[in-house]
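For clarity, every value in this text was computed on a predicted model and none was experimentally measured. Note that these values count all heavy atoms, side chains included, but never hydrogens, waters or copies made by symmetry. Just so it is clear: chains get the letters A, B, ... in the order the sequence lines come, proteins before strands, and each one is counted from 1.
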Amino acid sequence: MSDLLAHLNAPQLAAVTLPAQHALILAGAGSGKTRVLTTRIAWLISTGQVGPQGILAVTFTNKAAKEMQSRLAAMLPINTRGMWIGTFHGLCNRLLRAHYREAGLPAQFQILDAADQLAAIKRLLKNLNVDDQKFPPRELMHFINAHKEQGLRAAQAEAYDAFTSRRVELYTEYEAQCRREGVVDFAELLLRSYELLQRNEPLCQHYQARFRHILVDEFQDTNRLQYAWLKLLAGRGSVIPESSAACLFAVGDDDQSIYAFRGAEIGNMRDLQREFALPNVIRLEQNYRSHGNILDAANALIQQNRGRLGKKLWTEAGAGEPIRVFEAYSDVDEARFIVEELSELVREGVGRHQIALLYRSNAQSRVLEHHLFTQGIPYRVHGGLRFFDRQEIKHALAYLRLIANPDDDTAFTRVVNFPTRGIGGRSIEALQDAAQQTNSSLYNAAASLAGKAGSAVARFVRLIETLRSETRDLPLPVVIDQLIDKSGLRQHYLADKEGQDRLENLDELINAATAFLHEESGSPSDSSSDGEVAPDGGPLASFLAHASLEAGEHQAGEGEEAVQLMTVHAAKGLEFDVVFITGLEQGLFPHENAAQERDGLEEERRLMYVALTRARRRLYLSHAQTRLLHGQTRYCLPSSFLEELPATLLRRINRGGGQVSARPTGSPGGEAQTAVGGLRIGQNVRHARFGAGVIVATEGSGSEARVQVNFGAGGMKWLALKYARLTPA
DNA sequence: GAAGACCCGATTTTT
DNA sequence: TCGGGTCTTC
């Protein structure tokens, strides 16, 4: 055990060995947060304060959950597989599988991922003859999810106008459709299990008594429902919990809260402090990742935000190099510079995978990719299509879902005519009508309507029936193999000259099922350990849940020695020796849309803070005077965030090395521009009220002359030269 | 049922 | 400008 606590710094040690009470740990970037979390669990267990079954550890991503589990397994001589360590969604799924009856769900309930949910909503709107121009499916989906994340059912939703009242009706219809089909979406997993615990007092008390210690990672990212769920399980109380309540150990960093747009409530941190009457907050401020200059810059930047819990990162490592700032003429010039610079670093021996190119929005990756590609530098873009999102995988899984649950209309619609088997729009509409008449599923309608044994619909029904009966007792991988065969998927992709990759992916799916079974058999099921959890829907249902909840590794080329490209959001939690933060321009980063949002600029600043703190040794900040956006050249001002960094930490760098990149003649746009009233496009100007800006366009001449100026945060303005007092800056 | 025309929108995203 | 999504046509 002394080993366990060795090498912890004082605050880390304090957090790990905190007596049984609620706590909030403010863990800065690179401060050893995961270490504290896992060591805390190991310490609690190894000192006999709690058994492994008394721990509930919650994360947001599967990656974090796995990491916690494997680190724990290395620290403790116990099987961590059966422990309740997982994502909010994974744990809720587990709860609902165990108590599906009490939760009012079928044993084989399926989970809709975002794409399935959207498809389900589109189908709903079609069935109800709702104009999807007036009620865009995506918007409705967001409406429904946002309500669920607030813990609101349709009945509780506020219908403040006619439009919203209709949306609430559609929310109701959507709930009914999900119930009919035996499916739950992601938000439903949480809401349903919250309601289960809230309404079923004995069950709730059972879990409250079981989980003595609840540990939450990335607490700043919790939404209202997730916080309510935690409070319910912890049985809210005072500092020393009553015997019936668990200890809530929340770890988070308000400065790294960057997911407000998907419902994260930064206010949950203060609420936690207040509602659980936390006497103090433990701060982990010593950073083990970055050099001093980088931390000083990050500290200075984030200090501009108001209402922080407050925290200042420091390091024992030296100041390190200055932060390099580069101003490019254009986005292309910026990419050129970055690629040149990183090529030099690679020549000096920096591993390519230790270099990250960060950007605010995905569209920015193109120029970078183009230059990397032409220079023959291997790179990997994070955030692409994931394994279980691929169409061929979704098709195969849809067959599997139909076998498990014939009422799943989403699955039915996906594969009824894929591969094509002559069931066109007419047949499907007929089925939909019939299904609506009898208030049953499409599959049922198909089965009863398929009188003519020879019809395509009848053949499809027979296919599913055959698959179901013939594969009942076969192991999952064999089932999948047969289904790929008999459904005609294999044949279809075999015939497709570009189907090779897809066939390989289908084989990979079979492998995934094999691997899944192996892992499953390695973990003792709950029913055997304490008898409280009823058996779930079998390996088929749990594999399908696994496929929905875990989208799979990102994409091929995983292990390759490649430069890493990703959005700043995607970079959270990662670290690299060298980081390039690109596109630091007003309107891009901070993003112009953020100006409209409540506390938008502060969220952008936190995003910048996250970006800065990814770097271990070297940090580049770049911006361009000109950028191609939506097919048009935009003239850009440097990001205001650059000014918020202490100049002493920065070093402006001039265009590197050998070839002189020709400065575009005339304006940055290239073409010679007509000067209007002595002003030209691309010129920096100053306005008495709006401040500094760049001229973006001109119009008219003489006393009619107008110029469009990008004032960055101040927005884009057309000004008549006659009235506006613009001075060259 | 597949290929081509056409229109619209365009931060960030895990589960 | 580009890509996705829908609509149109053979």
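The interatomic distance linking Arg634(A) (CZ) with dC2(C) (P) rounds to 18 Å, in whole Å. The CD1-C1' distance, from Ile111(A) to dT15(B), rounds to 9 Å in whole Å. Rounded to whole Å, the distance from CZ on Phe387(A) to P on dT15(B) is 16 Å. Distance, Asp389(A) CG to dT15(B) P: 11 Å, rounded to whole Å. The nearest whole Å value for the distance from the CZ atom in Arg606(A) to the P atom in dT13(B) is 17 Å. Atom C1' of nucleotide dT14(B) and atom CG of Asp185(A) are separated by 14 Å, given to the nearest angstrom. Put simply, NE2 on His89(A) is 17 Å from P on dT13(B), counting in whole angstrom units. Between the C1' atom of dT13(B) and the CD atom of Glu218(A) lies a distance of 14 Å, rounded to the nearest Å.
With rounding to the nearest 0.5 angstrom, the OH atom of Tyr399(A) is 4.5 Å from the OG atom of Ser487(A).
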Sequence neighbours left out, cut at 3.5 Å: what donor-acceptor pairs do the side chains of residues 594-601 of chain A make with other protein atoms?
none

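Gln117(A) and Tyr174(A) are linked by a side-chain donor-acceptor pair at a separation below 3.5 angstrom, with hydrogens and angles left out of the test.
The closest side-chain heavy-atom distance from Phe88(A) to Thr222(A) is below 4.5 Å. When side chains are defined from C-beta on, Lys122(A) does not count as touching Asn127(A), because their heavy atoms never get closer than 4.5 Å.
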Readout for nucleotides 5-12 of chain B: B = base within 4.0 Å of protein heavy atom, S = sugar-phosphate only, - = neither; 5' to 3' it is -----BBB
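A residue-by-residue look at His492(A) and Arg262(A) shows that His492(A) has its nearest nucleotide of DNA chain B further toward the 5' end.
The existence of a salt bridge linking Arg390(A) and Glu508(A) is excluded, since no basic side-chain nitrogen approaches an acidic carboxylate oxygen closer than 4.0 Å. Between Asp185(A) and Arg192(A) no salt bridge is recorded (no basic side-chain N to carboxylate O distance below 4.0 Å).
Taking a 6.0 Å sphere around CD of Gln391(A), one finds it holds more than 12 heavy atoms contributed by other residues, nucleotides or ligands.
Closest approach of Gln256(A) to Ala27(A), counting heavy atoms only: NE2-O, 4.4 Å.
Across all strands shown, Asp113(A) has no heavy atoms under 4.0 Å from either base or sugar-phosphate atoms. Among the protein residues, Phe60(A) comes within range of the sugar-phosphate backbone only, with heavy atoms under 4.0 Å from sugar or phosphate atoms but none that close to a base.
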Between protein and nucleic acid, restricted to nucleotides 3-10 of chain C and to nitrogen or oxygen atoms under 3.5 Å apart, what atom pairs and distances do you find?
from   : atom 1 : to        : atom 2 : distance (Å)
dG3(C) : OP1    : Arg366(A) : NH2    : 2.4

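With P as the reference atom, dT13(B) and dG4(C) are 16 Å apart, rounded to whole Å.
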